[in-house]
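Worksheet: the structure to be examined is printed underneath.
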Amino acid sequence: MNFKDLTISKASKLLRDKKVTVKELVGYFLENAQSKNSKYNIYLEIYDDIAEQISRAQKMIDAGKGTELTGIPFAIKDNILIEGKIASAASKILENYKATYTATAAQKLIDQGAIFIGRANMDEFAMGGSTENSAFGVTRNAFDLERVAGGSSGGPTVAVATDCALAALGSDTGGSIRQPASFNGIVGLKPTYGSVSRHGLMAMASSLDVIGPIAKSVEDVELIFNAIKGKDEKDSTTVEGEIPDKVKTIGVPRAYLKKGLDPDVLQNFENSLGKLEKAGYKIIDINLPNLDYTLAVYYILMPAEVSANMARYDGIKFGQKIDGKDLIDGYFKTRGELLGQEVKRRIILGTYVLSAGYADEYYNKAWQVRNLIKNDFAKAFEKVNLIALPTSPTSAFKIGEKANDPLQMYLADIFTVFANLAGVPAISIPDGTVRRDGSDLPTSIQLVAPHLGEKRLFQVGAKFETIR
Amino acid sequence: MNSADIKKFADLARIEMFESNLAKTAKEIDEVLKYVGQIKDAISDDKSAVGEAESGTKNRLESASVRNVFRADKETSSRAANKEKILTSAPERKGDHIKVKKIL
């Protein structure tokens, strides 16, 4: 049987109709994972209990208790916890850390009999946009081995793009699901802030972080989102609810699209808008006056929250440690040697913008501008049902191209961070390719909805897949 | 930002920095600070703009609305079971304690 172009819904039908067994299905992805890992560096660990997971899922199906996710092989980003398994966030400081509980989102998938093949590579503690900041080596792009996977969810995304998993869980703080999905030609959803529990996700920037699905189709992403969403007493920021899903108008912030966008990436986006217009949606120019400040606001608030969240890694409570001559010297050595450059840079930057004398100028001001940005979106969504823009200004860049220039790397997030600042959901869907050095590299359109408007994204996204 | 500033903030964050790395980090952080400094232009001195920025739309946006969240008033987990899990995670333990270097 050919499993190559399988989606979750097709696979799950095969399983329930007894055309294939869970073992056969998972076997295909597992063999790929084992044979391709040295080439792409996707998995930091392939789990050793897959046989048990398979037999549990098969029993559920045989007993007629299977759901659409039973027996479906997933990759999990290395910052989401499964009890008893190592979760390192691709950092030396947690290299041997075994999770003591399971993340709510992962548990919900386990309850449905989903299979976790292994934990996938990422930028250390999700800080980066290329997976070059992993302490365990870079993950390579599914379309061109010389190029980055994108990040920070590089491993989970390449896992799906190369058939080393059928779907994956990632996390998105400033674009970490959408941008790698775009670089590898698959679909990624950043859900509404609070719609998926963060319990068991290693905190990076708590007012921005969210867990979300990565898969091959909008329908698959929707299936996973519906399985993992919902209120959780272990995360008091979780919310529930829905808004009307009718979409007639799509707004485009054209004034913002001039910035550093590759002409052919823009052309793919314009073509996509043309197709959506033909399909009956009204495309309207909208103005989001404070969009220009999103990246600046993000690179103040995010490091500020990072500096607070990273304080827990001190070599005392968990993870690795390096001995010092006394207690405090041990903190300095542990953090100095076991945290990577980018993590340290963000902690120091965050400490600076929060320090007395600078907090008013940076942190407090950034919160005010964040409110203006939220206002802009609220106003825009009074006029339009969805907003569209490209996911990334470029296709996947070369490994090493931006690694020594943090500011250039940060600018790659220009079309994604606003959704995290405003807390709104956004989906990235492939919309074409561009040619670079002999490779055809994927680009994507990004659709953005108001809070709890995921249904609008799924509805228009699924439509777009049929007309692109 | 110069090397001395970086040293100072790294000290506040309890991160040991190598001398050889200070100047490079200072330059990188300086560039980022120059870039993010543009938010100063985002809010004019106009009082209404400042008011809008401060109040935001937090009441209009459901997921950002500020509200109290209470858990049910009952015991949530077994402390004994958690104790062992937590102790196992620590790099060094002695019996039922996490072992640290002498403080006083």
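Bear in mind the structure is a predicted one, so any value in this text is a computation, not a measurement. In what follows, chains carry the letters A, B, and so on, assigned in the order in which the sequence lines appear, proteins first and then strands, with residues in each chain numbered from 1.
- Residue Lys317(A) holds its NZ atom at 11.0 Å from CD1 of Ile86(B), rounded to the nearest 0.5 Å.
- Residue contact with chain B, scored on non-hydrogen atoms closer than 4.5 Å, is absent for Ile373(A).
- For chain B, the nearby part of Tyr97(A) is the side chain; its heavy atoms alone come within less than 4.5 Å.
- Contacts of Thr238(A) with chain B are made by backbone atoms alone, with heavy-atom separations under 4.5 Å and no side-chain atom involved.
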When the side chains of residues 94-104 of chain B are checked against the rest of the protein, which donor-acceptor pairs come out under 3.5 Å, sequence neighbours left out?
{"from": "Asp96(B)", "atom 1": "OD2", "to": "Lys83(B)", "atom 2": "NZ", "distance (Å)": "3.2"}
{"from": "Lys101(B)", "atom 1": "NZ", "to": "Asp323(A)", "atom 2": "OD1", "distance (Å)": "3.1"}
{"from": "Lys101(B)", "atom 1": "NZ", "to": "Gly324(A)", "atom 2": "O", "distance (Å)": "3.3"}

For salt bridge (charged side-chain N to carboxylate O under 4.0 Å, His left out), just list the numbers for Arg335(A) and Glu16(B), CA-CA rounded to whole Å, side-chain angles, deciding distance to a tenth of an Å, and then say yes or no.
CA-CA 7 Å; Arg335(A) 291 163 64 79; Glu16(B) 186 176 72; over 6 Å; no

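- Applying the salt bridge (Lys or Arg N to Asp or Glu O under 4.0 Å) test to every pair with at least one member in residues 347-373 of chain A, sequence neighbours left out, gives these pairs: Glu361(A)-Lys40(B).
- Ranking Gln341(A), Glu337(A), Arg346(A) against chain B, the residue ahead of the rest is Gln341(A), based on heavy-atom pairs under 4.5 Å.
- With a threshold of 4.5 angstrom between heavy atoms, Tyr331(A) approaches chain B through its backbone and through its side chain.
- Both the backbone and the side chain of Ser236(A) come within less than 4.5 Å of a heavy atom in chain B.
- For Asp5(B), no part lies under 4.5 angstrom from a heavy atom of chain A.
- Most heavy-atom pairs under 4.5 Å with chain A, from the set Leu12(B), Ile6(B), Asn21(B): that is Asn21(B).
- Contact of Lys234(A) with chain B is not made at all, since no heavy-atom distance falls under 4.5 Å.
- For Asp292(A), the part lying under 4.5 angstrom from a heavy atom of chain B is the backbone only.
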